[in-house]
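Some notes on the structure that comes next.
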Amino acid sequence: MSIIHRGGLLAIWLGFVAASASAGGLSVILEPDLHDIQETPSPAIDWTGFYLGGQFGLSKVDSSLLEDTGDGIGVGIHGGYLRDFGQLVVGAELEVNLTAVESWSSDFPLSTIASAQLRAGYDAGDFLPYVAVGVSEARLGGDVDQTDSGSFASVGIDYRLTNSVSIGANYAHYRYDNFAGTDEDFDVSATGARLSYRF
């Protein structure tokens, strides 16, 4: 067989291979594997850390002994620590408030109220709804001038403005029975707004 003849057969064979490749024979090799392409996940919000802040609110005192109620305002500070376990956020907080209840009995003015609480919340990204329970302490001035302890419960929600700053709102209930042995039972209900700095 001549060299020219062999070259012609080789050219025909190469042309057949090229035609098969253009018809889809090699298309599988050139197609990208879409399973290897993954979206970059957005950074998760983490509520873990210590925080410190202040609060302002309105309070209502209901006294069983005096059969009277009073409304007032309160301002205070709070500080605590949260640990974020994914969806569950738990922690502890201390809170102190100065109060001014104007229409309650002048013999039993409520001057300060504080709480030590355990908190549990749900990590909803920038939002953190939570519940809290604990113990509280109140001081009555005037003729009583005594301090005694009671119970505390609260529900609230925090919203994260930045990585370090959050705002929130809550409702709290304080209960005191036989305060300092005076047979005085009273409840304090408070709604408030708060600002916290996380570090």
Side-chain angles (χ1 to χ4, degrees), residues 47-66 68-84 89-122 128-160 164-199:
W47 290 86
T48 298
F50 291 93
Y51 61 92
L52 185 68
Q55 67 271 357
F56 169 84
L58 302 176
S59 59
K60 177 181 179 181
V61 179
D62 188 357
S63 169
S64 62
L65 180 63
L66 300 177
D68 195 8
T69 61
D71 299 319
I73 60 174
V75 294
I77 58 174
H78 62 265
Y81 176 80
L82 293 177
R83 177 72 175 179
D84 194 333
V89 181
V90 297
E93 179 178 299
L94 296 176
E95 182 183 76
V96 179
N97 295 282
L98 301 177
T99 64
V101 181
E102 297 178 353
S103 59
W104 201 34
S105 172
S106 59
D107 295 332
F108 302 94
L110 179 63
S111 58
T112 60
I113 190 168
S115 67
Q117 52 188 275
L118 297 176
R119 299 179 61 183
Y122 175 75
L128 178 66
Y130 65 88
V131 296
V133 294
V135 295
S136 61
E137 186 175 88
R139 181 178 182 84
L140 296 182
D143 296 337
V144 176
D145 195 19
Q146 293 285 342
T147 301
D148 203 356
S149 59
S151 60
F152 168 87
S154 175
V155 295
I157 186 169
D158 288 338
Y159 175 70
R160 196 161 178 163
S164 301
V165 179
S166 64
I167 58 174
N170 71 334
Y171 169 81
H173 184 266
Y174 307 81
R175 173 69 183 177
Y176 302 94
D177 295 319
N178 188 24
F179 187 88
T182 61
D183 292 327
E184 169 70 6
D185 300 333
F186 66 92
D187 298 273
V188 181
S189 301
T191 56
R194 44 197 277 147
L195 175 70
S196 304
Y197 177 79
R198 198 170 310 279
F199 52 92

How far does CG of Leu128 sit from CH2 of Trp47, to the nearest 0.5 angstrom? 5.0 Å
Looking at residues at least two apart in the chain, or sitting in another chain, which of them share a side-chain hydrogen bond (donor to acceptor under 3.5 Å, both in side chains) with Tyr171? Ser189
Test of understanding: with side chain to side chain contact (heavy atoms under 4.5 Å, CB included), list the residues that count as partners of Leu52, not counting sequence neighbours. Phe199
Who pairs with Ser136 by side-chain hydrogen bond (donor to acceptor under 3.5 Å, both in side chains), at least two apart in sequence or on another chain? Tyr176
Rounded to the nearest 0.5 Å, the CG atom of Asn97 sits from the OG atom of Ser59 at a distance of 8.5 Å
Nearest-0.5 Å distance, CZ of residue Arg175 to CG of residue Asp185: 5.0 Å
Sequence-distant partners of Ser196, side-chain hydrogen bond (donor to acceptor under 3.5 Å, both in side chains), two or more places apart: His78
Output, in order, the C-alpha distance, side-chain angles, deciding distance and verdict of side-chain contact (heavy atoms from CB on, under 4.5 Å) for Tyr51 and Leu82. CA-CA 8 Å; Tyr51 61 92; Leu82 293 177; 3.7 Å; yes
Taking it one step at a time, do Asp158 and Arg198 satisfy salt bridge (charged side-chain N to carboxylate O under 4.0 Å, His left out)? CA-CA 12 Å; Asp158 288 338; Arg198 198 170 310 279; 5.4 Å; no
Tell me every residue that passes side-chain hydrogen bond (donor to acceptor under 3.5 Å, both in side chains) with Ser151, counting only those two or more places apart in sequence or in another chain. none
Tell me, with the steps shown, if Arg139 and Thr147 meet side-chain hydrogen bond (donor to acceptor under 3.5 Å, both in side chains). CA-CA 4 Å; Arg139 181 178 182 84; Thr147 301; 3.1 Å; yes
Applying side chain to side chain contact (heavy atoms under 4.5 Å, CB included), can you list everything that pairs with Leu94, at least two apart in sequence or on another chain? Ala116
Go through the structure and list residues passing ring pair (Phe, Tyr, Trp, His ring centres under 6.0 Å) with Phe50, not counting sequence neighbours. Tyr81
Shortest non-hydrogen pair, Ser154 vs Asn170, comes out as OG-ND2, 3.6 Å
Under the side chain to side chain contact (heavy atoms under 4.5 Å, CB included) test, which residues partner Leu98, sequence neighbours left out? Thr112
Results of ring pair (Phe, Tyr, Trp, His ring centres under 6.0 Å) for Phe56 - residues two or more places apart only: none
Can you tell me how far the OG1 atom of Thr99 sits from the CG atom of Leu58, to the nearest 0.5 Å? 12.0 Å
Report the residues that fulfil salt bridge (Lys or Arg N to Asp or Glu O under 4.0 Å) with Arg194, sequence neighbours left out, ordered by chain and then residue number. Glu93, Glu95
Restricting to salt bridge (Lys or Arg N to Asp or Glu O under 4.0 Å), what partner residues turn up for Asp84, sequence neighbours left out? none
Determine whether more than 12 heavy atoms belonging to other residues, nucleotides or ligands lie under 6.0 Å from atom CD1 of Ile77. no
Could you tell me which residues satisfy ring pair (Phe, Tyr, Trp, His ring centres under 6.0 Å) with Phe152, sequence neighbours excluded, listed by chain and number? Tyr174
